[in-house]
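One structure is given below, encoded as structure tokens.
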Protein chains: 2
Amino acid sequence: MTTPAAFASLAALMADPARAAMLTALLSGEALTAGELARVAGIGAPAASAHLARLVEGGLVAVHPQGRHRYHRLASAAVAATLEALGGLAGAVAPARRWPHGEAFRSARLCYDHLAGRLGVAVHAGLVGRGWLSPAAGGWSATPRGEAGLAALGIDLAAARQARRFACDCMDWSERRAHLAGGLGREIAACCLARHWLLRLPGEREGDPMARRRLRLTPEGARCLGEALGVGGLDLAA
Amino acid sequence: MTTPAAFASLAALMADPARAAMLTALLSGEALTAGELARVAGIGAPAASAHLARLVEGGLVAVHPQGRHRYHRLASAAVAATLEALGGLAGAVAPARRWPHGEAFRSARLCYDHLAGRLGVAVHAGLVGRGWLSPAAGGWSATPRGEAGLAALGIDLAAARQARRFACDCMDWSERRAHLAGGLGREIAACCLARHWLLRLPGEREGDPMARRRLRLTPEGARCLGEALGVGGLDLAA
DNA sequence: GCGCCGCTTCGGGGCCGGGCGAAGGACAGC
DNA sequence: GCTGTCCTTCGCCCGGCCCCGAAGCGGCGC
């Protein structure tokens with residue numbers, strides 16, 4: 001019966017308020033230092049260090065030292081997907097208030113390194129509906145038409161293919177539908193941010209660990225994504 | 001910062017080995033008594049009672065008394081979806097052995113009350129690909145063609161619509177793609193089981209809490225689902 | 001109605017885990 | 001080199017949780 005034990009120890013890593021605050025802060029996709037995470041969690045440096053050691057040990061967080069700083073990120077998009085699912089259930093099962101982060105959070109946000117919210121679901125539906133992606137073992141693969149279209153959009157397909165998974169689903173808790181994760185999801189989000197089709201909404205850093213995940217679609221972004229993928233009709237204005 | 005706290009307390013409910021064993025056992029969709037769950041978890045009756053009280057309090061488990069027995073089930077398909085996601089990550093992050101439940105578990109299984117595994121993903125792809133489902137807020141809705149086709153298959157659409165959600169995605173951890181949950185997913189699974197298109201693979205009850213989730217597609221089931229939805233070419237033999 | 005059975009509540013014991021302060025390495029800049 | 005900063009390790013205290021045995025409550029069958 002190895003599975004329930006592994007299941008429980010994984011859940012235990014998320015079951016501490018301080019670690020939960022760190023993990024939700026890391027869902028923004030940014031790499032944060034141990035000190036920043038300590039502040040987010042509201043604990044001292046020693047406690048934060050111990051927590052982060054456990055998260056790294058458990059495979060949820062990856063660390064890469066840089067000088068005297070140690071930057072921490074989520075270990076993979078699969079971790080982000082699970083955190084999102086848990087967060088959605090926490091919001092549904094304890095509906096204290098319907099997600100205190102407002103409409104902007106539901107309309108467009110980052111799930112670690114890829115798009116989520118109504119925008120993420122619409123991009124997923126556009127890619128599949130136009131026949132740019134086809135079902136494959138372990139997720140999706142790009143059709144010839146899809147390769148051409150994605151390249152025309154400026155997506156770096158070679159970079160996307162270097163990820164452990166090229167394209168796979170990720171549950172969107174606010175829409176109850178899948179959005180796109182994997183290397184392709186990451187490259188699409190990176191492209192949209194680099195071209196200023198999407199802007200990160202600046203949130204007050206301290207306090208709310210998930211403020212920096214919110215995104216706003218610019219007019220040019222709406223035009224380009226609408227032409228290419230039929231994304232539109234969404235109430236994506238902040 | 002209400003969210004990380006709710007997140008943590010939800011994870012804490014899953015973070016105990018005994019509770020994890022109970023929850024994974026309930027993923028079979030069966031309603032189990034407190035005594036059975038105590039045996040599954042390997043603890044005494046008093047401890048099990050306390051654990052179940054916490055799970056009910058936390059909204060993960062629903063209880064309906066029947067005589068001197070108290071039957072427990074997962075509270076919703078959303079709970080099942082989250083448990084599956086967590087289980088998949090636990091298998092991926094601690095790849096002690098690649099899921100000790102064999103190929104049958106990946107090919108067809110129950111996720112609480114709906115189909116999962118390669119079969120579940122194929123059914124989802126068939127429904128969407130044939131234009132029987134169309135995107136809708138919070139999930140999917142049935143197209144006119146879909147209503148006709150589903151009714152011809154013998155699916156009880158009226159019952160499906162009574163669920164809190166008609167149709168929505170649920171992450172399939174083994175395929176990294178979405179399968180279908182919600183009222184429609186439940187009715188499809190119920191129909192397949194009632195017509196003996198699918199059989200529950202009997203597992204030794206004690207010991208492995210997830211053995212009874214495995215399913216086997218019968219020849220007639222393969223024929224009917226293949227004709228209606230194009231499901232085929234899967235290695236679904238046990 | 002009496003006794004069995006399933007489940008819950010109560011009390012006590014034990015363990016694990018989280019928090020801090022103080023001290024110890026590692027790196028950058030002057 | 002020295003100093004400041006970032007981070008970790010160590011030692012300690014504390015609270016919470018998990019377990020069991022014993023007792024209490026309620027339904028069911030003889």
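So you know, we letter chains A, B, ... as the sequences are listed, proteins then strands, and number each from 1.
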What I want to find out is whether A:Arg109 reaches A:Asp172 closely enough, with some N-O distance under 4.0 Å, to be called a salt bridge.
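Salt bridge present between A:Arg109 and A:Asp172.
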Length of the line joining [X]:[atom1] and [N]:[atom2], which is rounded to integer Å:
{"X": "B:Arg70", "N": "D:dG27", "atom1": "CZ", "atom2": "P", "value": "12 Å"}
{"X": "A:Met22", "N": "C:dG19", "atom1": "CE", "atom2": "C1'", "value": "13 Å"}
{"X": "A:Arg39", "N": "D:dT5", "atom1": "CZ", "atom2": "P", "value": "13 Å"}
{"X": "A:His64", "N": "D:dC7", "atom1": "NE2", "atom2": "C1'", "value": "16 Å"}
{"X": "A:Leu52", "N": "D:dC7", "atom1": "CG", "atom2": "P", "value": "9 Å"}
{"X": "B:His69", "N": "D:dG26", "atom1": "NE2", "atom2": "P", "value": "18 Å"}
{"X": "A:Leu13", "N": "C:dG17", "atom1": "CG", "atom2": "P", "value": "11 Å"}
{"X": "B:His72", "N": "C:dT8", "atom1": "NE2", "atom2": "C1'", "value": "11 Å"}

I'd like a table of atom pairs between the protein and nucleotides 23-30 of chain C - only N or O on both sides, under 3.5 Å - with the distance next to each one.
none

Backbone N or O of [Y] within a donor-acceptor pair of the [X] side chain at under 3.5 Å?
{"X": "B:Asp113", "Y": "B:Gly29", "answer": "no"}
{"X": "B:Thr218", "Y": "B:Trp197", "answer": "yes"}
{"X": "B:His114", "Y": "B:Cys111", "answer": "yes"}

Comparing A:Arg54 and B:Thr33 on DNA chain C - which has the more 5′ nearest nucleotide
B:Thr33
Between [X] and [Y], is any side-chain donor less than 3.5 angstrom from a side-chain acceptor?
{"X": "A:Asp169", "Y": "A:His179", "value": "no"}
{"X": "A:Arg19", "Y": "A:His51", "value": "yes"}
{"X": "A:Tyr112", "Y": "A:Arg73", "value": "yes"}
{"X": "B:Ser28", "Y": "B:Glu30", "value": "yes"}

Name the pairs: protein N/O against N/O of nucleotides 19-23 of chain D, kept only if under 3.5 Å.
residue: D:dC19; atom: OP2; partner: B:His51; partner atom: NE2; Å: 2.5
residue: D:dC20; atom: OP2; partner: B:Gly44; partner atom: N; Å: 3.2

Nucleotide nearest A:Ala34 (side chain, heavy atoms from C-beta), chosen from C:dC7, D:dT8, D:dC18:
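Per side-chain heavy atoms of A:Ala34, the pick is D:dT8.
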Does a nitrogen or oxygen in the side chain of B:Arg19 sit under 4.0 Å from OP1 or OP2 of D:dC18?
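Yes, B:Arg19 has a side-chain N/O under 4.0 Å of OP1/OP2 on D:dC18.
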Give the minimum heavy-atom separation between A:Met171 and A:Glu84, together with the two atoms involved.
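Smallest heavy-atom distance, with atoms named: O-OE1, 4.2 Å.
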